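One structure is given here, and the rest of the page talks about it.
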Amino acid sequence: STIRCELAIHPSDLVGSFPFEFEVEHRIEVGERRLDAWLVFRSTSRRVQPISVGWHPYLHRQPTCRLCIPASRLWELDDLEIPTPTGALVPVAGACDFREGRALGPDEEWDLTLTDLAIEDGLVRCWVEDEPVLVERDDRRVQAVVRRTVEVPAQDGADCAVRHIQLYTPPGRPAIAIEPFSSPPNAFNLMAEGVAHADVRELAPGDELRFHMALLLSVRLAG
């Protein structure tokens with residue numbers, strides 16, 4: 001039910017100019033209808049280091065499903081071959097607005113970063129919900145709805161806040177990625193350009209930073 005991976009990073013010619021030095025632990029715990037993951041960074045350096053963290057959970061996607069991401073703004077992208085955030089935030093509108101939960105068509109493809117997430121009990125919850133399916137219950141077949149929820153802390157506490165969600169639909173796969181990020185893509189460059197809301201964390205000498213994500217499974221009867 002538990003697995004823990006540890007890695008020590010040191011500056012090395014093998015990684016070119018990568019100047020950072022730290023230890024990181026990734027711990028995963030699996031319970032009934034729930035998976036919890038923690039990333040813990042511990043400084044082994046004499047200098048302050050920037051930290052940006054993210055997970056990439058790929059969830060099953062039916063041809064038609066419902067998606068909810070309670071974000072009121074998204075990161076504007078540039079027009080490069082591989083688009084990256086410009087640093088500007090724009091309001092969600094039209095098809096990019098998933099706040100109330102809406103049906104996602106089979107041909108919809110997405111790759112965008114959403115932020116300004118609505119908070120409930122100190123947490124952000126995003127979910128994808130399948131169309132009703134037939135299941136067995138008490139010797140009869142009933143309609144049930146399966147929902148998979150990604151949950152992250154939105155306020156600093158024992159775990160650092162995670163304020164950005166990357167939505168990605170991989171081509172040719174029945175999957176949808178709802179990816180919690182502590183910072184948007186290209187965050188270090190955005191920070192260097194003076195973008196204050198890039199949310200890059202500082203890991204001071206001897207300090208520790210901890211991030212948490214949970215995946216939850218729920219099933220309810222339809223109708």
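All values derive from a computational prediction rather than experimental measurement.
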Between Glu23 and Thr44, is the side chain to side chain donor-acceptor pair (under 3.5 Å) condition met? List the steps. CA-CA 7 Å; Glu23 296 174 347; Thr44 54; 5.6 Å; no
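- A distance-only check finds a donor-acceptor pair linking the side chain of Ser183 to the backbone of Ala198 [under 3.5 Å].
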Residue pair Leu123, Val152: steps toward the side chain to side chain contact (heavy atoms under 4.5 Å, CB included) verdict: CA-CA 6 Å; Leu123 299 170; Val152 290; over 6 Å; no
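- Atoms CD1 and CD, on Ile69 and Glu100 in that order, are 13.5 Å from each other to the nearest 0.5 Å.
- Looking at heavy atoms from C-beta onward, Ser218 lies out of side-chain contact with Arg33 at the 4.5 angstrom threshold.
- Contact record, Arg163 with Arg201: NH1-NH2, 4.0 Å, taken as the closest heavy-atom pair.
- Side-chain contact between Leu215 and Val150: present, with at least one pair of heavy atoms (C-beta onward) separated by less than 4.5 Å.
- The only member of Ser182, Pro180, Pro153 that meets side chain to side chain contact (heavy atoms under 4.5 Å, CB included) when paired with Phe211 is Ser182.
- Following chains of ILVMFWY side-chain contacts shorter than 4.5 Å, one can reach Val128 starting from Leu35, so the two form part of one hydrophobic cluster.
- Of all heavy-atom pairs between Met191 and Pro50, the closest is CE-CB, 4.3 Å.
- In Leu134, the CG atom is crowded: over 12 heavy atoms of neighbouring residues, nucleotides or ligands sit closer than 6.0 Å.
- For the residue pair His164 and Thr115, the shortest heavy atom distance occurs at ND1-OG1, 3.2 Å.
- Across Pro184 and Pro85, no two heavy atoms sit closer than the pair CB-CG, 4.5 Å.
- A tilted orientation is assigned to the rings of Trp55 and His26, their planes being inclined by 30° to 60°.
- Two residues are said to be in side-chain contact when any heavy atoms from C-beta on lie closer than 4.5 Å; Ile9 and Phe20 fail this criterion.
- Of the possible donor and acceptor atoms, one in the side chain of Asp156 sits under 3.5 Å from a partner among the backbone N and O of Ala161.
- Under the 4.5 Å side-chain criterion, counting only non-hydrogen atoms from C-beta, Gln166 is in contact with Asp111.
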Go through Thr84 and Asn189 one step at a time and tell me if the side chain to side chain contact (heavy atoms under 4.5 Å, CB included) criterion holds. CA-CA 10 Å; Thr84 56; Asn189 288 327; over 6 Å; no
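- Here the CG-CD1 distance, from Leu77 to Ile82, works out to 12.5 Å after rounding to the nearest 0.5 Å.
- No side-chain donor-acceptor contact under 3.5 Å links Asp207 to the backbone of Leu209.
- Atom CG of Leu114 is separated from atom CZ of Arg73 by 12.0 Å, given to the nearest 0.5 angstrom.
- Put simply, CG on Leu112 and CD on Glu76 are 12.5 Å apart, with the number rounded to the nearest 0.5 Å.
- Note on ring orientation: taking the six-membered ring where Trp is involved, the planes of Trp110 and Phe98 are perpendicular (angle over 60°, cut-offs 30° and 60°).
- Classification of the Phe41-Phe22 ring pair by plane angle, with boundaries at 30° and 60°, yields tilted.
- The shortest distance between side-chain heavy atoms of Arg66 and Trp127 falls below 4.5 Å.
- Under a 3.5 Å cut-off, the side chain of Gln49 and the backbone N or O of Glu21 do form a donor-acceptor pair.
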After noting the C-alpha distance and the side-chain angles of Arg34 and Glu151, does the key distance pass the salt bridge (Lys or Arg N to Asp or Glu O under 4.0 Å) rule? CA-CA 10 Å; Arg34 182 181 180 99; Glu151 181 181 276; 3.7 Å; yes
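- There is no path of hydrophobic side-chain contacts, each under 4.5 Å, that joins Leu89 to Ile165.
- Atom-to-atom distance recorded for Cys160:SG and Glu208:CD is 9.5 Å, nearest 0.5 angstrom.
- Here the side chains of Leu67 and Leu167 are in contact, with some heavy-atom distance below 4.5 Å.
- When the side chains of ILVMFWY residues are joined at heavy-atom separations under 4.5 Å, either directly or via intervening members, Leu190 and Ile51 end up in two distinct hydrophobic clusters.
- Remark: Tyr168 OH to Glu179 CD distance equals 9.0 Å, nearest 0.5 Å.
- Here the options are Arg220, Arg148, Arg102, the test is salt bridge (Lys or Arg N to Asp or Glu O under 4.0 Å), and the partner is Glu129; only Arg220 passes.
- A continuous path of Ile, Leu, Val, Met, Phe, Trp and Tyr side chains, each step under 4.5 Å between heavy atoms, connects Ile28 with Ile178, placing both in one hydrophobic cluster.
- Counted within 6.0 Å of CD1 on Ile3, heavy atoms from surrounding residues, nucleotides or ligands total 12 or fewer; the atom is thus considered open.
- When all heavy atoms are compared, the tightest approach of His212 to Val162 is O-CG2, 4.4 Å.
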With salt bridge (Lys or Arg N to Asp or Glu O under 4.0 Å) as the criterion, how do Glu6 and Arg4 come out once you've worked through the C-alpha distance, each side chain's angles and the decisive distance to 0.1 Å? CA-CA 7 Å; Glu6 293 182 343; Arg4 184 177 68 183; 3.7 Å; yes
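- Cluster membership for Phe181 and Leu39, using ILVMFWY side-chain heavy atoms within less than 4.5 angstrom, is not shared.
- More than 12 non-hydrogen atoms from other residues, nucleotides or ligands lie less than 6.0 angstrom from CD of Glu29.
- The two residues Ser52 and Phe188 make their nearest non-hydrogen contact at CB-CE1, 3.9 Å.
- Of the possible donor and acceptor atoms, one in the side chain of Ser72 sits under 3.5 Å from a partner among the backbone N and O of Asp116.
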